[in-house]
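See below for the structure under consideration.
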Amino acid sequence: YTIYMNLLSLFLFKLYAHCSSETLILEFAGRSDRNHARLLHKFPSMDSVSVCTRVRFDPNCFGISTIFSYSIQSYINEFQLRVNLVKGKPVQLALLVHGVHGPYKEAFDLDDFWHSVCVSWSQSGGRWALFTDGLVVSRGEGLSSNNIGPGGRFIIGQEQDTFGGSFKKNESFSGSITELYIWDRVLNSSEIYTMEKECSPNSSGPVFKWSTTGNRSLLLNK
């Protein structure tokens, strides 16, 4: 696959002082209705899912933001991680599954530092959970009981209003994202805590693994 770059910058960077490995970082410089990255991966139907990533929010950007969105042709709002950024208040995260929007929950300070975020969802009871920096922030249930459909478009940094497109500037992401991994199962609290403490995303069985170079895994565009 070819990687296309425009406005969206790529850096090889040491993420934390206690993390020795270098990794690809996506830098979204300000809000845009165009900047995004698409995962070049064919997703199966999933009755459970976990997504973990590391993010740094632009401390001067406020309002609704989208870390990622997954859409299928028959249903656009299939799976999303949404953010509400309010000046002087902690970052609020919410999961959206098959059109059902979960509650926004305070996660960490809007402090221009890196934070890890993990979300999980299961069709069984619509159970969901949010984790930040290795610890659970909130849990709940009743967040849809439909499978997450196969063959969709997974977009980093934008909310999709049509399949793979129709982005809105006022719902876009501004900041940095790296080390995004996806599992077709629910990660438990112990796994997430261990990944955070060991600075390693290598819990078994991810269906999508982050690449240190982006080759074969990401399509970047403005």
Side-chain angles (χ1 to χ4, degrees), residues 26 28 30-33 35-36 46 48-71 75-146 148 152 154-161 166-183 186-189 192-193 196:
L26 304 181
F28 295 80
R31 287 186 182 267
S32 166
D33 61 0
N35 288 359
H36 67 282
M46 295 182 287
S48 58
V49 63
S50 298
V51 181
C52 292
T53 188
R54 298 187 187 274
V55 297
R56 183 192 61 80
F57 290 101
D58 180 348
N60 299 309
C61 179
F62 306 107
I64 300 299
S65 177
T66 307
I67 295 177
F68 66 76
S69 62
Y70 177 78
S71 69
Y75 208 93
I76 301 304
N77 296 319
E78 186 71 348
F79 186 58
Q80 298 179 16
L81 180 55
R82 309 270 284 171
V83 187
N84 188 24
L85 303 171
V86 180
K87 188 174 182 178
K89 293 187 177 182
V91 171
Q92 300 173 32
L93 302 175
L95 199 57
L96 183 151
V97 183
H98 202 72
V100 181
H101 203 306
Y104 282 104
K105 296 295 184 177
E106 292 185 349
F108 47 79
D109 290 338
L110 183 58
D111 52 14
D112 202 24
F113 289 109
W114 285 99
H115 295 274
S116 67
V117 174
C118 289
V119 298
S120 67
W121 171 85
S122 172
Q123 180 190 28
S124 177
R127 296 185 181 92
W128 58 271
L130 296 172
F131 297 79
T132 61
D133 299 325
L135 301 175
V136 66
V137 170
S138 186
R139 299 180 186 271
E141 56 185 28
L143 201 56
S144 182
S145 58
N146 295 283
I148 293 175
F154 193 108
I155 302 290
I156 299 173
Q158 295 283 359
E159 194 268 343
Q160 303 171 62
D161 281 339
S166 297
F167 307 137
K168 294 180 180 178
K169 182 178 179 179
N170 63 359
E171 294 181 321
S172 65
F173 178 84
S174 180
S176 309
I177 297 177
T178 190
E179 293 189 350
L180 189 144
Y181 289 78
I182 303 172
W183 293 260
V186 172
L187 297 182
N188 62 47
S189 300
I192 291 172
Y193 181 79
E196 175 69 16

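When reading the values below, keep in mind they use all heavy atoms of this one structure, side chains included, and skip hydrogens, waters and symmetry mates.
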Checking side-chain polar atoms at under 3.5 Å, does Thr178 have a donor or acceptor matched by the opposite partner on Arg54?
no
Can you tell me how far NE2 of His115 sits from CG of Leu110, rounded to the nearest 0.5 angstrom?
8.5 Å
Going through the checks in order, is the side-chain contact (heavy atoms from CB on, under 4.5 Å) test met by Ser138 and Trp128?
CA-CA 8 Å; Ser138 186; Trp128 58 271; 3.5 Å; yes
Partner residues of Glu141 under the side chain to side chain contact (heavy atoms under 4.5 Å, CB included) criterion, sequence neighbours left out
Arg127
Any side-chain donor-acceptor pair under 3.5 Å between Arg139 and Ser120?
no
Can you tell me how far apart CZ (Phe57) and OG (Ser176) are? Round to the nearest 0.5 Å.
10.5 Å
Checking salt bridge (charged side-chain N to carboxylate O under 4.0 Å, His left out) for the pair Arg31/Glu171: CA distance, chi angles, key distance, verdict?
CA-CA 8 Å; Arg31 287 186 182 267; Glu171 294 181 321; over 6 Å; no
Any donor-acceptor pair under 3.5 Å from Asp133 side chain to Ser116 backbone
yes
Side-chain donor-acceptor pair under 3.5 Å between Gln158 and Ser172, yes or no?
no
Looking at Pro103 and Ala94, what are the two nearest heavy atoms and their distance?
O-CB, 3.5 Å
Nearest 0.5 Å, what's the CG-CD distance between Leu130 and Gln92?
11.5 Å
Go through the steps to decide whether Phe173 and Phe68 satisfy the test ring-ring contact (aromatic ring centres under 6.0 Å, His included), and finish with yes or no.
CA-CA 9 Å; Phe173 178 84; Phe68 66 76; over 10 Å; no
On a heavy-atom basis, which atom in Arg82 and which in Tyr104 lie closest, and how many Å separate them?
CB-OH, 3.7 Å
So which atom in Val49 and which in Phe79 form the shortest heavy-atom distance, rounded to 0.1 Å?
CG1-CZ, 3.6 Å
What distance do Lys169 atom NZ and Ser32 atom OG have between them, rounded to the nearest 0.5 Å?
7.5 Å
What's the separation between atom CG in Leu85 and atom CD1 in Ile64, rounded to the nearest 0.5 Å?
8.0 Å
Using the salt bridge (Lys or Arg N to Asp or Glu O under 4.0 Å) criterion, which residues pair with Lys89? Sequence neighbours excluded.
none
Test Cys52 against Trp183 for side-chain contact (heavy atoms from CB on, under 4.5 Å), laying out the working first.
CA-CA 9 Å; Cys52 292; Trp183 293 260; 3.8 Å; yes
Do the side-chain N and O atoms of Ser71 and Gln160 include a donor-acceptor pair separated by under 3.5 angstrom?
yes
Given side chains that start at C-beta, do those of Val55 and Ile67 come closer than 4.5 Å, heavy atoms only?
yes
So, do Thr53 and Ile177 sit near enough that their side-chain heavy atoms are less than 4.5 Å apart?
yes
Tyr70 (side chain) donor-acceptor with Gly152 (main chain) under 3.5 angstrom:
yes
Determine, step by step, whether Val91 and Asp109 satisfy the side-chain contact (heavy atoms from CB on, under 4.5 Å) criterion, reporting the C-alpha distance in whole Å, the side-chain angles of both residues, the deciding distance to 0.1 Å, and the verdict.
CA-CA 6 Å; Val91 171; Asp109 290 338; over 6 Å; no
Side chains of Thr66 and Leu81: does their closest heavy-atom pair fall under 4.5 Å?
no
Criterion side-chain contact (heavy atoms from CB on, under 4.5 Å) on Phe62 and Val86, from CA distance to verdict
CA-CA 6 Å; Phe62 306 107; Val86 180; 5.9 Å; no
Backbone of Asn60 reached by a side-chain donor or acceptor of Asp58 within 3.5 Å:
yes
Nearest-0.5 Å distance that lies between atom CG in Leu135 and atom OH in Tyr193:
7.0 Å
Which pair of non-hydrogen atoms, one from Phe154 and one from Ile182, has the smallest distance, and what is that distance?
CE1-CD1, 3.6 Å
Nearest heavy-atom approach of Gln80 to Ser69 is CG-CB, 3.6 Å
Trp121 and Asn146: which non-hydrogen atoms are nearest, and at how many Å?
CH2-O, 3.0 Å
On the 0 to 90° scale, with breaks at 30° and 60°, tag the His98-Tyr75 ring pair as parallel, tilted or perpendicular.
parallel
Phe108 atom CZ, neighbour heavy-atom count above 12 within 6.0 Å:
yes
Ignoring hydrogens and angles, tell me if any N or O in the side chain of Ser50 forms a donor-acceptor pair with the backbone of Leu187 under 3.5 Å.
yes
Could you work out, with salt bridge (Lys or Arg N to Asp or Glu O under 4.0 Å) as the rule, every residue matching Asp161, not counting sequence neighbours?
Lys168
